Each structure stands twice: as structure tokens, then as C-alpha cells.
Amino acid sequence: MVYGYVRVSTDRQDCKNQKLGIERKALELGLCIDRYIQDDGISGACEPEDRALGGMLKQLRAGDIIICSELSRLGRKIFMIMRILECCMNTGARLYTVKDGYELGDNIQSKVLAFAFGLSAEIERELISRRTKEALEVRRRSGAVLGRVQGSKNKRKKLDGKIVYIKQQMEMGIPKYKIAKKLHVAQATLRHYMNHFN
């Protein structure tokens, strides 16, 4: 059995490109894809058992072949990738990747290459994550508002002139969520509005 494995973590990613690459690789190897296994909208951080990939690994038999776009499609962590490759080796299945040009065989070179590819992919992700966090921190320090602003100005305008009514309601012991409901605003909007008078 020849499997083509595709994983796309977001809708923006195009699984068609992955499949085209897999088809080209199969043709180059003189093979034909018997079945595609596809994980849509699933992060590579998820354990294989929680993905369609896990079901495929359970069905693997000696002589089966898996072709995927690159090793990082199998998982986001080096030890996860190594576990998947170990499963393939123990079963006697082979694995090929399109972009990495990797071929899994039962030899030390395959294991070293798999470790190197997986580690470099993980380091790259860590660097991207760190750069993103640093950029957000710079923006935060410069006074930029990050994330969704609680209680828009348009919503707060609904509360203009209602401060006396709100305070009376609160003195009567009426919960804020009920006051917000009466005024047709979110509780966060009410809280944000009240902060201006504290």
C-alpha cells in the first residue's frame, strides 16, 4: 500500500500543492498513490493518535510506503517525528518526503538525517515564535493596543448620561450583568465605562 499523507493546519494553506508534490514524487519512484490520508485544520502539535495519521500508522504493514511533503508535516516536535519514524522502521514501512528529499531506511544515515531535519524545523519555528513575541513586546512598550479592544466607543456611547442610573442600580444590589442586559451592552463595556468614573 502506498499512502500519501497531507496535513494543513490552517485554511490558508493549500493541500493541493502538497498533493501535487506527492504525486510527482510517486511518479519519480515509479509508484502510484493508493490512498491519501489527510488532516485538515489540525496542528502538528497534536499527538498522532488524535489525527488521521495515527489511524494510518496502526494499519501500516511491512513494505508499505508513505510519501509526504516534508518531515514537519508529520509533527512539530523532534521527538514526535522520531517516534513516527521509529514506528515505520519497526513495521518495515518506508517513508519519503518531497521537499527534504528524505528517504527512511533501516540504517544509521536515515536516523541521523531524520533527527537533523526535524531539529532544524523545530529551531526555525522557535526562532519565528521568539521574533513574533519580541515584535509584540516592542509594540506594547510603544503604547500600541494589542488584541481586541474591550467595549468599543460606539457601544460606550449608549451609556452616555446613564451613570446616575447605573450607580442607583448598583446601590440597590443589582448585579452588573443584569444592569448591562437592561442597557443592551456587554458586561465588559459597562465595566470599561464605569472605570472612567472611579
Side-chain angles (χ1 to χ4, degrees), residues 1-136 139 146-148:
M1 178 77 77
V2 180
Y3 295 95
Y5 177 67
V6 175
R7 179 179 66 78
V8 285
S9 56
T10 68
D11 292 334
R12 291 189 299 271
Q13 291 174 300
D14 186 11
C15 69
K16 185 188 278 188
N17 289 335
Q18 287 186 47
K19 284 185 176 179
L20 285 171
I22 289 169
E23 292 287 349
R24 281 196 299 269
K25 186 70 175 179
L27 192 63
E28 177 188 310
L29 296 167
L31 302 170
C32 183
I33 302 295
D34 296 309
R35 185 179 169 197
Y36 272 102
I37 304 297
Q38 190 166 317
D39 280 315
D40 285 319
I42 297 177
S43 168
C46 290
E47 289 297 323
E49 296 78 20
D50 299 325
R51 296 185 262 153
L53 174 64
M56 178 187 70
L57 293 174
K58 284 180 184 176
Q59 295 173 17
L60 278 183
R61 298 290 178 266
D64 284 350
I65 293 170
I66 303 168
I67 303 175
C68 64
S69 177
E70 54 192 313
L71 282 175
S72 64
R73 295 294 92 199
L74 298 175
R76 294 190 65 186
K77 296 289 182 183
I78 183 64
F79 292 115
M80 185 188 294
I81 294 171
M82 294 305 290
R83 285 202 320 269
I84 293 167
L85 295 178
E86 183 183 17
C87 172
C88 293
M89 284 187 285
N90 290 341
T91 306
R94 299 186 75 81
L95 182 137
Y96 297 89
T97 64
V98 179
K99 293 181 182 177
D100 306 324
Y102 176 75
E103 176 186 345
L104 174 68
D106 192 14
N107 54 62
I108 191 67
Q109 289 91 343
S110 292
K111 295 170 189 176
V112 169
L113 276 173
F115 185 83
F117 282 134
L119 185 60
S120 63
E122 188 173 336
I123 289 170
E124 185 180 6
R125 281 191 299 273
E126 286 294 324
L127 288 173
I128 291 169
S129 175
R130 193 176 301 169
R131 284 197 296 268
T132 302
K133 285 176 184 174
E134 286 171 356
L136 288 173
R139 288 187 62 203
L146 304 177
R148 187 171 66 86

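Because the structure is a prediction, the values reported are computed rather than measured.
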A.B. asks: Determine which pairs satisfy salt bridge (Lys or Arg N to Asp or Glu O under 4.0 Å) with at least one residue from residues 22-40, sequence neighbours left out, and list them in order.
C.D. replies: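 Pairs touching residues 22-40 that pass the test: Lys25-Glu28.
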A.B. asks: Could you work out, with salt bridge (Lys or Arg N to Asp or Glu O under 4.0 Å) as the rule, every residue matching Arg83, not counting sequence neighbours?
C.D. replies: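 Per chain and number, Arg83 pairs via salt bridge (Lys or Arg N to Asp or Glu O under 4.0 Å) with Glu47.
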A.B. asks: Let me confirm one number: the CZ-CD1 distance from Arg73 to Ile81, rounded to the nearest 0.5 Å.
C.D. replies: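 The CD1 atom of Ile81 is 10.0 Å from CZ of Arg73, to the nearest 0.5 Å.
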A.B. asks: Sequence neighbours left out, what passes side-chain contact (heavy atoms from CB on, under 4.5 Å) with Ser129? Give chain and number order.
C.D. replies: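 Residues passing side-chain contact (heavy atoms from CB on, under 4.5 Å) with Ser129: Lys133.
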A.B. asks: Using modelled atom types and a 3.5 Å cut-off, is there a donor and acceptor pairing between side-chain atoms of Thr91 and backbone atoms of Ala93?
C.D. replies: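 No.
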A.B. asks: Between Val2 and Leu29, is there a side-chain heavy-atom distance shorter than 4.5 Å?
C.D. replies: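 Leu29 does not reach Val2 side chain to side chain.
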A.B. asks: Who passes salt bridge (Lys or Arg N to Asp or Glu O under 4.0 Å) against Lys99, sequence neighbours left out?
C.D. replies: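 Partners of Lys99 under the salt bridge (Lys or Arg N to Asp or Glu O under 4.0 Å) test: Glu70.
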A.B. asks: How long is the span from the CG atom in Leu85 to the CG atom in Leu71, to the nearest 0.5 Å?
C.D. replies: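 So the CG of Leu85 and the CG of Leu71 are separated by 6.0 Å.
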A.B. asks: Which residues satisfy the side-chain hydrogen bond (donor to acceptor under 3.5 Å, both in side chains) test with Asp50, sequence neighbours excluded?
C.D. replies: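 If we apply the side-chain hydrogen bond (donor to acceptor under 3.5 Å, both in side chains) test to Asp50, skipping adjacent residues, there are no hits.
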A.B. asks: Out of curiosity, Leu27 CG to Ile22 CD1, how far, rounded to the nearest 0.5 Å?
C.D. replies: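 Between atom CG of Leu27 and atom CD1 of Ile22 there are 13.5 Å.
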A.B. asks: Give, for atom CD1 of Ile37 and atom CD1 of Ile66, the distance between the pair rounded to the nearest 0.5 Å.
C.D. replies: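 Interatomic distance, Ile37 CD1 to Ile66 CD1, rounded to 0.5 Å: 9.0 Å.
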A.B. asks: Under the side-chain hydrogen bond (donor to acceptor under 3.5 Å, both in side chains) test, which residues partner Tyr3, sequence neighbours left out?
C.D. replies: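 If we apply the side-chain hydrogen bond (donor to acceptor under 3.5 Å, both in side chains) test to Tyr3, skipping adjacent residues, there are no hits.
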A.B. asks: According to side-chain hydrogen bond (donor to acceptor under 3.5 Å, both in side chains), who are the partners of Lys19, at least two apart in sequence or on a separate chain?
C.D. replies: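 For Lys19 the side-chain hydrogen bond (donor to acceptor under 3.5 Å, both in side chains) partners, ignoring immediate neighbours, are Gln38.
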A.B. asks: Would you confirm whether Arg61, through its side chain, and Gln59, through its main-chain N or O, come within 3.5 Å as a donor-acceptor pair?
C.D. replies: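 Flag set: sc Arg61 to bb Gln59 pair under 3.5 Å.
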A.B. asks: Tell me which one of Met82, Glu86, Met80 satisfies side-chain contact (heavy atoms from CB on, under 4.5 Å) with Ile84.
C.D. replies: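 That would be Met80.
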A.B. asks: If every non-hydrogen atom of Thr97 is compared with every non-hydrogen atom of Leu95, which pair is closest and at what distance?
C.D. replies: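 So the minimum-distance heavy-atom pair works out to CG2-CD2, 3.8 Å.
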A.B. asks: Considering residues at least two apart in sequence or located in another chain, which fulfil the side-chain hydrogen bond (donor to acceptor under 3.5 Å, both in side chains) criterion with Asp64?
C.D. replies: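 Here no residue qualifies.
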A.B. asks: Looking at Arg7 and Ser72, would you say the former's side chain and the latter's main chain have a donor-acceptor pair under 3.5 Å?
C.D. replies: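 Between the backbone of Ser72 and the side chain of Arg7 there is a qualifying donor-acceptor contact (under 3.5 Å).
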A.B. asks: Working to the nearest 0.5 angstrom, can you tell me the gap between Ile33 CD1 and Ile65 CD1?
C.D. replies: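 With rounding to 0.5 Å, CD1 (Ile33) is 9.0 Å from CD1 (Ile65).
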A.B. asks: Looking only at non-hydrogen atoms, find the nearest pair between Leu104 and Cys88 and report the distance.
C.D. replies: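 For Leu104 and Cys88, the tightest heavy-atom pair comes out as CD2-CB, 3.5 Å.
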A.B. asks: Starting at CG of Leu53, measure out to SG of Cys68 and round the result to the nearest 0.5 Å.
C.D. replies: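 Going from the CG atom of Leu53 to the SG atom of Cys68 covers 9.0 Å.
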